[in-house]
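Remarks on the structure that follows.
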2 protein chains.
Amino acid sequence: MYNELSPRKQAILKAIVDAYIENGDPVGSKALTQSKQFVLSSATIRNEMAELEALGYLEQPHTSAGRIPTELGYRFYVDALMQDYALSQGELAELNSMLKAKSAEIDKLIHNAGKVMANLTNYTAIAVKQSPGRNTVTRFSLTYIDERNFLLVMVCGKRSAKTRFVHTDVPVNEEVLRMLEQVLNNFVAGKDLSTLTLPYLMQMEQCLGNYAGLISPIIKFVYEAVDKDEERDLHIDGVDKLLEYPEFMESGKLKDMLGMFDRKDELFELFDEEGDDVTICIGREKGVEAMAGSSLVFKKIVVGGKTVGAVGVIGPCRMDYSKVVSAIRYLSDGIASAFLPGSGQLTPPSAPDEPNKH
Amino acid sequence: MYNELSPRKQAILKAIVDAYIENGDPVGSKALTQSKQFVLSSATIRNEMAELEALGYLEQPHTSAGRIPTELGYRFYVDALMQDYALSQGELAELNSMLKAKSAEIDKLIHNAGKVMANLTNYTAIAVKQSPGRNTVTRFSLTYIDERNFLLVMVCGKRSAKTRFVHTDVPVNEEVLRMLEQVLNNFVAGKDLSTLTLPYLMQMEQCLGNYAGLISPIIKFVYEAVDKDEERDLHIDGVDKLLEYPEFMESGKLKDMLGMFDRKDELFELFDEEGDDVTICIGREKGVEAMAGSSLVFKKIVVGGKTVGAVGVIGPCRMDYSKVVSAIRYLSDGIASAFLPGSGQLTPPSAPDEPNKH
DNA sequence: TTTTAGCACTCCTTTCATTCAAGTGCTAAA
DNA sequence: TTTAGCACTTGAATGAAAGGAGTGCTAAAA
């Protein structure tokens with residue numbers, strides 16, 4: 001589909017997108033000839049631009065304005081035309097200093113990554129933290145509080161734990177809790193939830209005699225704890241950056257965005273993507289109406305084969321994709337390797353030696 | 001200070017604030033006479049308004065506009081003039097249906113309260129969840145995971161628990177953990193942290209022999225868990241509601257707000273208030289520059305003498321205080337009584353029988 | 001002494017016409 | 001195939017004019 005574009009058309013498209021990303025004004029044929037990168041007259045470029053528009057890569061806000069890229073134009077740009085951006089020394093320093101403070105939990109690191117991203121790119125950043133879906137509880141532990149209350153601790157995998165306070169109508173004591181704990185560890189720990197059939201549960205209840213009534217509320221908690229959506233968490237940073245881009249100042253765009261930021265479920269869906277490298281969603285490509293005019297760039301954070309979260313930025317379609325992509329890739333990989341067991345040192349994904357001045 | 005205002009001035013001030021809150025246009029003398037609540041000519045009212053302005057309760061955007069309240073004007077209004085708003089049946093139903101879904105943790109309830117508040121009042125809502133400061137850990141529980149890892153569970157009070165994964169250099173087993181657990185429960189549980197002096201810690205370490213090295217990282221976690229700031233959490237809902245008020249559309253107000261929403265620390269400070277009833281912060285009263293033109297109304301949620309959070313709304317100074325106050329009071333008290341042990345039924349703070357049409 | 005009618009004045013908002021500049025498409029020539 | 005030239009379109013910027021809302025002040029009325 002793309003090969004219908006001659007090299008010259010591609011060069012012109014690239015120049016237009018680059019220029020438009022940089023200053024936000026529709027770019028006309030004259031501006032391109034003045035930029036000295038083409039030895040063509042404005043008329044020739046005009047013809048090419050007219051064809052690019054007919055092909056759907058460009059559009060005109062109105063008759064007497066220059067051209068701006070369409071969603072298709074941006075798509076082609078990020079897929080085929082965009083150049084790699086090498087992070088500057090200062091930018092690398094900023095990212096690294098964040099990554100080195102890896103003392104804390106991965107949650108905090110991801111959260112901080114959002115703040116850093118927002119600052120570095122000057123777009124709104126989204127940091128997603130998600131525990132791997134479809135857990136099983138690997139171990140139970142019950143802690144006595146008083147006759148009617150105890151704490152249920154569920155260890156999921158080796159890296160996360162959830163607690164619930166359980167109130168009982170039957171009085172309990174340490175001994176009962178030990179027994180219950182043992183039953184849970186024998187019957188439920190490590191099992192997939194689908195194996196918890198009714199007869200199976202009844203078997204457990206038999207083991208507990210008078211305390212059989214405790215099982216069903218606990219199982220409810222287990223379901224809740226294991227439920228995939230339960231453990232997703234999403235932080236948005238630098239919302240005020242949106243205001244720096246005129247595309248959000250008019251019409252209802254800003255409202256759309258802020259509304260979407262409130263409906264986190266909808267946001268999560270945007271992050272459901274197969275790819276493992278940086279994903280770029282331009283405008284309504286994913287079918288989300290509120291994304292019209294905006295783009296989302298993100299990358300999953302994968303530690304030891306498990307997706308533990310993602311980090312991304314959201315901003316106008318007219319976004320500095322090449323810089324954003326570089327920053328996100330660096331940060332996402334950096335977080336991942338900071339948490340890879342054993343690896344203390346970061347391994348930057350690319351060797352940036354010559355910083356771009358942008 | 002306030003008694004310098006004659007009853008008539010108060011009535012006029014009230015009428016002005018009411019009218020301005022309702023439609024956002026500066027209110028002139030003519031509008032007041034037309035409202036039929038005064039049997040005075042516009043000239044008389046003009047004189048009164050001029051005096052109210054001289055006293056600092058009103059101001060004029062420009063010479064040929066009506067008057068709008070100053071921060072002092074709003075202050076007087078909320079302190080002395082504002083009428084109680086009786087929530088309508090529909091509004092009560094909305095609030096109650098939220099409160100009845102009390103299955104979940106108090107965290108979730110508070111979070112939901114924010115969403116409901118935002119919808120009901122049409123202002124941005126803030127839901128604060130804070131565990132009572134300066135906890136002690138009341139009980140420890142250790143769960144074996146593998147030779148080098150175990151889970152540390154710290155129960156604080158009877159209502160909250162925190163977990164930490166601990167990695168050890170010394171191999172451990174169930175037995176060791178039991179011993180360690182006992183030591184922690186004997187020496188640390190229920191103690192104020194200030195009693196954990198160095199000699200005291202050394203005494204503990206003696207009890208543990210080879211495993212003395214485990215104590216210090218655990219104590220570090222205890223400090224973290226007990227640290228006051230650790231457990232504050234804040235959710236903002238309905239940010240897009242800001243856009244419905246023209247005061248945020250111009251100048252940098254919106255940016256100020258969004259910026260403040262990002263700096264949660266600053267927000268938390270606004271919620272540090274002594275009072276137990278609804279608190280109203282008008283504009284820069286609390287010394288926060290970003291609050292210029294905006295007001296915050298909130299109320300702590302107090303369960304059994306402990307502050308567990310707060311719920312509030314933030315919006316333009318021109319806010320429907322009376323409705324907001326009623327809603328917040330109802331919700332805050334509702335959450336509190338939903339979580340008061342034993343009390344299944346809600347006890348509404350006031351008996352609303354005749355809904356206001358507003 | 002207080003209230004009110006009357007009036008000149010201020011200042012914002014809206015409207016309309018005009019001008020200006022940028023950029024285009026098209027045609028014809030190179 | 002490219003380019004110069006030109007007529008045309010359109011939004012943005014400017015400024016004058018009109019309109020309106022509201023005020024303060026003065027003097028008369030209650």
Side-chain angles (χ1 to χ4, degrees), chain A residues 4-13 15-17 19-20 22-70 73 246-247 249-251, chain B residues 4-13 15-17 19-20 22-70 73 246-247 249-251:
Chain A
E4 65 197 10
L5 287 193
S6 68
R8 192 171 72 179
K9 278 205 182 58
Q10 296 193 15
I12 290 175
L13 179 55
I16 291 174
V17 180
Y20 185 59
E22 188 160 330
N23 53 32
D25 295 326
V27 10
S29 54
K30 208 168 191 175
L32 284 194
T33 52
Q34 280 166 354
S35 80
K36 302 261 185 350
Q37 60 180 307
F38 297 102
V39 281
L40 293 169
S41 73
S42 67
T44 310
I45 292 185
R46 261 202 304 281
N47 289 331
E48 293 284 53
M49 284 165 78
E51 285 181 58
L52 280 167
E53 180 169 5
L55 291 168
Y57 295 96
L58 296 176
E59 63 185 334
Q60 276 183 297
H62 55 265
T63 331
S64 75
R67 302 301 210 292
I68 61 175
T70 59
E247 26 270 271
M249 292 305 301
E250 57 204 15
S251 69
Chain B
E4 68 198 8
L5 287 193
S6 68
R8 192 171 73 180
K9 279 206 181 57
Q10 296 193 15
I12 289 174
L13 178 55
I16 291 173
V17 179
Y20 185 60
E22 187 159 331
N23 54 33
D25 296 325
V27 10
S29 54
K30 208 168 190 175
L32 285 193
T33 52
Q34 279 167 353
S35 81
K36 300 262 187 347
Q37 59 180 305
F38 297 103
V39 283
L40 294 168
S41 73
S42 67
T44 309
I45 291 184
R46 263 203 302 282
N47 289 331
E48 293 283 55
M49 284 165 79
E51 285 181 57
L52 281 168
E53 179 169 5
L55 291 168
Y57 295 97
L58 296 176
E59 63 185 335
Q60 275 184 298
H62 56 264
T63 333
S64 76
R67 303 299 209 295
I68 62 176
T70 60
E247 26 271 270
M249 291 307 300
E250 57 203 18
S251 72

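None of these values were measured; they are calculated from a predicted model. Every chain is numbered from 1 and lettered A, B, ... according to where its sequence line falls, protein lines coming before strand lines.
Within the 4.0 angstrom heavy-atom criterion, no nucleotide atom of any strand lies near A/Ser42.
With sequence neighbours left out, A/Thr44 forms a side chain to side chain donor-acceptor pair (under 3.5 Å) with A/Ser41. With sequence neighbours excluded, no residue forms a salt bridge (charged side-chain N to carboxylate O under 4.0 Å, His left out) with B/Glu59. A search for salt bridge (charged side-chain N to carboxylate O under 4.0 Å, His left out) contacts involving B/Lys30 returns nothing, not counting sequence neighbours.
A/Met49 places its CE atom 9 Å from the P atom of C/dG23, with the value rounded to the nearest Å.
The footprint of chain A on DNA chain D, defined by a heavy-atom cutoff below 4.0 Å, extends from D/dT2 to D/dG11.
If you find the closest nucleotide of DNA chain D to A/Val39 and to B/Glu53, the one lying nearer the 5' end belongs to A/Val39. Toward the 5' end of DNA chain C, the nearer of the two residues B/Asn47 and A/Ala43, judged by each one's closest nucleotide, is B/Asn47. Each of B/Arg8 and B/Arg46 has a nearest nucleotide on DNA chain C; the 5'-most of these lies closest to B/Arg8.
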(request) Mind running side chain to side chain contact (heavy atoms under 4.5 Å, CB included) on A/Ile16 and A/Met49 for me, showing each step along the way? (result) CA-CA 9 Å; A/Ile16 291 174; A/Met49 284 165 78; 3.9 Å; yes

N/O to N/O distances under 3.5 Å, protein versus nucleotides 11-15 of chain C:
{"residue": "C/dC11", "atom": "O2", "partner": "B/Ser64", "partner atom": "OG", "Å": "3.0"}

(message) Let's test your reading of the pairing rules: Watson-Crick or G-U wobble, both distances under 3.5 Å, then write DNA chain C as a dot-bracket string with ( ), [ ], | and dots.
(response) ||||||||||||||||||||||||||||||

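The two residues A/Tyr57 and A/Leu13 make their nearest non-hydrogen contact at CD2-CD2, 4.1 Å.
With hydrogens and angles ignored, the 3.5 Å screen pairs no side-chain donor or acceptor of B/Thr33 with any backbone N or O of B/Ser42.
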